[in-house]
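Protein chains get the first letters and strands the later ones, always in sequence-line order, with residue 1 at the start of each. Quick note: numbers below take in every heavy atom, side chains included, and nothing from hydrogens, waters or symmetry partners.
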Number of protein chains: 2
Amino acid sequence: MEKDKIDKKDHILDVAEKVFADLGYDGASTRTISGEAGVNMAMLNYYFGSKEGLFLAVFKRKIDSFRTLLQNIGSDESMNAWDKLDKCIDNYVERIIANNCFQKLINREVSMNKRGDLTDKIIEILMVNVYEVKRIMEEGVNNGLFYKDVDVPLVIATLFGTKNYIVNMPQLSSLILGHDIRDEKFMENELKPRVKTYMKRLLKAYLVNEHDNSK
Amino acid sequence: MEKDKIDKKDHILDVAEKVFADLGYDGASTRTISGEAGVNMAMLNYYFGSKEGLFLAVFKRKIDSFRTLLQNIGSDESMNAWDKLDKCIDNYVERIIANNCFQKLINREVSMNKRGDLTDKIIEILMVNVYEVKRIMEEGVNNGLFYKDVDVPLVIATLFGTKNYIVNMPQLSSLILGHDIRDEKFMENELKPRVKTYMKRLLKAYLVNEHDNSK
DNA sequence: TACGCTTAATCAATCGTTTGATTAATTTTG
DNA sequence: CAAAATTAATCAAACGATTGATTAAGCGTA
């Protein structure tokens, strides 16, 4: 039946997404993916043409949800820059920290130097998110809500970088935090609100401060 | 001659570091590394035992030098926590942002969920550095120099995460910053002092602030 | 000669991919 | 409607290429 075919392809993509995230593109073999998905190895090539085709299919499936993540927030006229930034942080912590294996996959492949065709597409998608946040912050700077000399690009690096550091290196951040962040309960009840509070305080402290350099 | 042997080993490590960073651990073959270094393939195993041994040798060479640097800062009694943190930031920007291929290498391998002693060893060594910074910050909290309710683990995530975000995804951060960060001149004359200033202001604003949540 | 270094040749294992055969589903035909 | 023809889906097996690693012979120097 047609529906079963789609479900099976989707199941393969689900498994491939996780295996790619866990082992990397090179580390994930077609045998491992097919084995984990419970399908014959040849099915990967039958459905997706090649290993790279499978990887691209995994990636493309996620594109739409990422494209619309923040656009609604940015265009809401009823909120000021503070509220928008608040909502951005909430959304990122909820959506991206929770479901992180795709983020790991992306960041690892982008950090490679020798994968130009694939990298450009990923960069383009990531920039959509970045640009929304950038616009919000510049709005806050322009109307005087934020301190005029804030370094917007580097604040973005902090916002996304802090998040990446936690989710991309769970073993390391678990040691730093003193809990296993892969524990669902801890993640949901403690880490998420903690990261939200921290990020808001951190950005607030910096964005409104006059950056007095005197000692 | 003894000296030549050491120089050759060092040259192999230099090349291996770059190839590992560009292609990842799995993507970098021993043939590619030996070919790039201009030595026979068997020399890698002769000198370093195995591919993993070579990787660990690359890794240890970098981390050891950096650990001693951090420890010197941390144990300096003439500086308070502020000055130490200042110096940490300066050193990180100078040493790690400039020579970034090693950082990319580490972060990519740690972000894998691949089980094995290789990842564990990397984590273990990385934690030594993390603890040094953590110790400095807790020192500042304990003697009242920093605000008592700061979230030290997450500040560490910000400190390292911001840096990682910039150096691990140069294509993306170049777009955000509006300049190619792989341009040596821009990196040296603009980005480095800019990141230093930003990180210090950001951490200072957060660490001394009372985190007023009222609007 | 004896020893440390270097090499080409080679190993078994694994890689991504392809093949040919078989089964299941669908369409066409009488 | 039923039989035949066609297409789609699935599988085990094997392909050539490449992987990390090892071997034994050759090299230069002390």
*For the side chain of A:Thr30, starting at C-beta, report the closest nucleotide among C:dA9, D:dT10, C:dT17.*
C:dT17
*Between C:dT6, D:dT19, C:dT18, which nucleotide gets closest to the side-chain atoms of B:Tyr46?*
C:dT6
*Counting side-chain heavy atoms from C-beta on, which of C:dG16, D:dT22, C:dT7 comes nearest to B:Met43?*
C:dT7
*Could you check whether the rings of A:His179 and A:Phe186 sit parallel, tilted or perpendicular, using 30° and 60° as the cut-offs?*
parallel
*Does B:Ala28 or A:Gly38 map to a spot on DNA chain D nearer the 5' end, using the closest nucleotide for each?*
A:Gly38
*Which whole-number value in Å describes the distance from B:Leu44 CG to C:dC5 P?*
15 Å
*From D:dA21, D:dT19, C:dG16, pick the nucleotide closest to the side chain of A:Lys51?*
C:dG16
*Given D:dA12, D:dT23, D:dA13, which nucleotide is nearest the side-chain atoms of B:Ala42?*
D:dT23
*Roughly, in whole Å, what's the span from CD1 in B:Ile33 to P in D:dT18?*
17 Å
*Would you sort out whether A:Asp183 and A:Lys185 count as a salt bridge (Lys or Arg N to Asp or Glu O under 4.0 Å), showing the intermediate values?*
CA-CA 6 Å; A:Asp183 170 29; A:Lys185 221 161 194 164; over 6 Å; no
*Tell me, please, whether A:Tyr25 has A:Lys51 positioned over its six-membered ring: NZ or CZ under 6.0 Å from the ring centre and within 45 degrees of its axis?*
yes
*Taking 4.0 angstrom as the limit, do A:Asp14 and A:Arg61 come out as a salt bridge?*
yes
_Among D:dT22, D:dA13, D:dA21, the nucleotide that comes nearest once only the side chain of B:Arg31 is considered_ = D:dA21
*Nearest listed nucleotide, side chain of B:Asn40, among C:dT7, D:dT10, C:dT18*: C:dT7
*Of the nucleotides C:dT17, D:dA9, C:dT6, which has the atom closest to the A:Ser50 side chain?*
C:dT17
